[in-house]
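Keep in mind that this is a model prediction, so the values were computed, not measured. Per chain, numbering begins at 1; letters A, B, ... match sequence-line order.
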Protein chains: 2
Amino acid sequence: MMGPLEAYLPYLLNRAGARLAAAFQAEVRPLGASLQIWRVLAALRERDRRRMGDLALTTAIEVSTLTRLVDTMERRGLVARRRAERGDGRTIIVRTTPEGRRLTARLVPVARRYETVALAGFAPADAEQLKDALRRLYANLDALPANGDAAASTRKEKRP
Amino acid sequence: MMGPLEAYLPYLLNRAGARLAAAFQAEVRPLGASLQIWRVLAALRERDRRRMGDLALTTAIEVSTLTRLVDTMERRGLVARRRAERGDGRTIIVRTTPEGRRLTARLVPVARRYETVALAGFAPADAEQLKDALRRLYANLDALPANGDAAASTRKEKRP
DNA sequence: TCCAATAATTTGTAAATGCAAATAATTGAC
DNA sequence: GTCAATTATTTGCATTTACAAATTATTGGA
């Protein structure tokens, strides 16, 4: 980073993301939700009954933060937790409740509108190209410290 | 939002931003900085002596959060605050100290590297197009609640 | 001049966050 | 089958964060 901030990609990314997040958050709050709650519900809407770690990865919420968020959502009757009985018994499976799906149904239209507003004036091809660039960007960062590079944190010497 | 998350723009935006932020944060922490500290320093690097509100706007940090962040940075000798004596006396001017500029100098190379890594494999024109799309996106969101639409929160009836 | 309205910043306070340590369960080597 | 290493999740705890209310200062009338 050297020139003006306007030319610095992480800056542009954060700026756009923060503005989107702030506006969305303000809008769903009266509905009894938060941005983070929406993220969990959206992930479970795409595929229900997910493991905590899986949810953390798709929502980009830290696992320990997610634990407490799911606590809250469980208390509110939006999701339920149970330990996996088939397969790996260390994992906890989170699933939505009818109440959770009801709330999701009220949030989806808001989310849809945000996609529309954000991409106003974009030709369909331009919107697609933007999305694709963001996917590539994300993939590029995979190898960095503190990220999906699970191998890096696991990699070790062969017995000293 | 209806289909898979992979097609939902706010999701892609947050996912990329969060991964970038997490990795950067992990990397600058040993240098005694944080992502938020970097954002303030980067803003002041572009233009020093800014008002708090201005700083909040460019860093996308909430004003009240920024107040306390600047408290910390001031205690650490990275910036100094003074009340504006010329012009509007309500405003507080923040400026960097030599120590702050020293830290900035150590952070800039890291920031540069992140831009490079994030955009690896992008043709220069593609990178430019991505940045431009993010600027347009940001502008599109300007009219939304809880955002730059200062007029909206100020707008009022003409004396009932 | 004095005042009401506006604006910039800070403070009160409760909640959210993240790192590190602890807990719980699995796996593979022997 | 047992045990060390690994993995998934939670907990402890200090910090960060955000909303709302309070504070400080300016501005434009009457």
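In this structure A:Asp54 satisfies the salt bridge (Lys or Arg N to Asp or Glu O under 4.0 Å) test together with A:Arg47, A:Arg50, sequence neighbours excluded. Under the side chain to side chain contact (heavy atoms under 4.5 Å, CB included) criterion, A:Val63 pairs with A:Ala56, sequence neighbours left out. Applying the side chain to side chain contact (heavy atoms under 4.5 Å, CB included) rule to A:Ser34 yields the partners A:Gln25, A:Gln36, A:Ile37; only residues at least two apart in sequence or on another chain are considered. Contacts of B:Arg29 classified as salt bridge (Lys or Arg N to Asp or Glu O under 4.0 Å), with partners at least two apart in sequence or in another chain: none. The side chain to side chain contact (heavy atoms under 4.5 Å, CB included) search around A:Arg49 returns A:Arg82, A:Ile93, A:Arg95, not counting sequence neighbours. For A:Glu74, the side chain to side chain donor-acceptor pair (under 3.5 Å) partners two or more places apart in sequence, or in a different chain, are A:Arg81. Residues passing the side chain to side chain donor-acceptor pair (under 3.5 Å) test with A:Ser64 are A:Glu62, sequence neighbours excluded. Considering only residues two or more places apart in sequence or on other chains, B:Thr96 meets the side chain to side chain donor-acceptor pair (under 3.5 Å) condition with B:Asp48, B:Arg101.
We find that CZ of B:Arg39 is positioned 14 Å from P of D:dT16, with the value rounded to whole Å. Rounded to a whole Å, the CG atom of A:Asp71 is 7 Å from the P atom of D:dT10. Nucleotide C:dT10 holds its P atom 8 Å from the CG atom of B:Leu66, rounded to whole Å. Atom CZ of B:Arg51 and atom P of C:dT10 are 12 Å apart (whole Å). In this structure, B:Met52 atom CE and C:dT11 atom P are separated by 10 Å, rounded to whole Å. Rounded to an integer number of Å, the gap from A:Leu35 CG to D:dA18 C1' is 13 Å. Across the protein-nucleic acid pair, B:Gln25 atom CD and C:dC19 atom P stand 6 Å apart, rounded to whole Å.
Closest of all the heavy-atom pairs between B:Ala16 and A:Leu141 is O-CD1, 4.0 Å. Looking at every heavy atom in both residues, A:Val94 comes nearest to A:Leu44 through O-CD2, 3.7 Å.
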Under-3.5 Å N/O pairs linking protein and nucleotides 14-17 of chain C:
unit_1: C:dT17; atom_1: OP1; unit_2: A:Gln36; atom_2: NE2; d: 3.2

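For the side-chain hydrogen bond (donor to acceptor under 3.5 Å, both in side chains) condition, the pairs that include at least one residue of residues 116-130 of chain A, sequence neighbours left out, are A:Gln129-B:Gln129.
Relative to the axis of its first five pairs, the axis of the last five pairs of the helix from C:dT1-D:dA30 to C:dC30-D:dG1 sits at 10°, rounded to 10 degrees.
Nearest-nucleotide positions on DNA chain C for A:Ser64 and B:Gly53 put B:Gly53 closer to the 5' end.
At a non-hydrogen distance threshold of 4.0 Å, B:Arg90, B:Thr91, B:Ile92 from residues 83-94 of chain B come into contact with DNA chain C.
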